Q: 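Submitted below is the structure of interest, expressed as structure tokens.
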Amino acid sequence: MKKILFLLFISFSAFAQETNTTYDEKLAKELGADEYGMKTYVFCILKTGSNTTATKEEKAKYFEGHMANINRLAKEGKLVVAGPFMKNDRNYRGIFIFNCSTVEEAQKLVETDPAVKAKIFEVELTPWYSSAALMEISKNHDKIAKTKI
């Protein structure tokens with residue numbers, strides 16, 4: 001009986017979660033992390049839109065506004081990650097990861113994009129759970145980008 005209790009104790013101990021000795025409570029709170037260091041974002045896939053009649057000049061204008069909007073949202077801390085996909089057969093054009101917890105909030109943010117308004121891009125939004133440390137990307141990216149976009 002003692003052997004069985006000892007084995008049960010060892011088994012339960014193996015499943016116990018470890019406490020992180022490098023945990024920084026202040027940073028976790030600043031980044032909005034839960035006890036696992038995670039938080040909810042909204043993931044956005046940009047796809048080729050239905051506007052097939054825009055001229056080259058119009059597309060250039062929409063893309064310029066698209067980039068300005070990305071930079072504005074990033075500076076405001078509302079856009080954590082943005083970037084284009086390489087050529088693919090799914091019509092995927094890029095992604096956004098929004099620093100908000102609901103699709104409704106993200107929809108309001110994406111509607112500020114001139115290329116989305118003009119239907120150059122269409123979007124799919126879904127809640128996404130990931131590391132709260134993503135919030136540090138923008139700060140660190142500026143340190144490694146020799147040329148700004």
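Remember, it's a predicted structure, so these values are computed and weren't measured experimentally.
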Q: When you compare the side chain of Val123 with that of Asp113, does any pair of heavy atoms fall below 4.5 Å?
A: no
Q: Could you tell me if the side chain of Ile120 sits less than 4.5 Å from the side chain of Lys59, heavy atoms only?
A: yes
Q: Does the side chain of Thr53 reach to within under 4.5 Å of the side chain of Asn51, using non-hydrogen atoms?
A: yes
Q: If you define the side chain from C-beta out and look only at heavy atoms, does anything of Ser50 sit under 4.5 Å from Glu122?
A: yes
Q: Give the minimum heavy-atom separation between Ser101 and Val42, together with the two atoms involved.
A: C-CG2, 4.1 Å
Q: Is atom CD of Glu64 surrounded by more than 12 heavy atoms (other residues, nucleotides or ligands) closer than 6.0 Å?
A: no
Q: With rounding to the nearest 0.5 Å, note down the distance linking CG in Leu73 to CD in Glu76.
A: 6.0 Å
Q: Looking at Asn91, is its backbone amide N or carbonyl O close enough to the side chain of Asn88 to form a donor-acceptor pair, meaning the two atoms are under 3.5 Å apart?
A: yes
Q: List the atom of Ala132, the atom of Ala33, and the distance in Å for their closest heavy-atom pair.
A: CB-CB, 3.6 Å
Q: Answer yes or no: does atom OH of Tyr23 have more than 12 heavy-atom neighbours from other residues, nucleotides or ligands under 6.0 Å?
A: yes
Q: Between Glu57 and Lys61, is a salt bridge (Lys or Arg N to Asp or Glu O under 4.0 Å) present by the stated rule, with each step listed?
A: CA-CA 6 Å; Glu57 293 78 20; Lys61 180 183 158 201; over 6 Å; no
Q: Using the six-membered ring wherever Trp is involved, compare the ring planes of Phe98 and Phe96 and label them parallel, tilted or perpendicular (cut-offs 30° and 60°).
A: perpendicular
Q: Who else is in the cluster with Leu27 when I, L, V, M, F, W and Y are joined by side-chain contacts under 4.5 Å?
A: Leu31, Tyr41, Phe43, Ile45, Val80, Val81, Phe85, Tyr92, Ile95, Ile97, Trp128, Leu134, Met135, Ile137
Q: Go through the side-chain N and O atoms of Asp34 and Tyr129 and say whether any donor and acceptor fall under 3.5 Å apart.
A: yes
Q: Are Asn99 and Lys39 close enough that some pair of their side-chain heavy atoms sits under 4.5 Å apart?
A: yes
Q: What closest approach, in Å, do Pro114 and Asn69 show between heavy atoms, and which atom pair accounts for it?
A: CD-CB, 4.3 Å
Q: Do the charged groups of Lys117 and Glu111 touch, with an N to O distance under 4.0 Å?
A: no
Q: Flag the pair Lys108 and Glu105 as a salt bridge only when some basic side-chain nitrogen lies within less than 4.0 angstrom of an acidic carboxylate oxygen.
A: no
Q: Under 4.5 Å between any side-chain heavy atoms of Arg72 and Thr112, yes or no?
A: yes
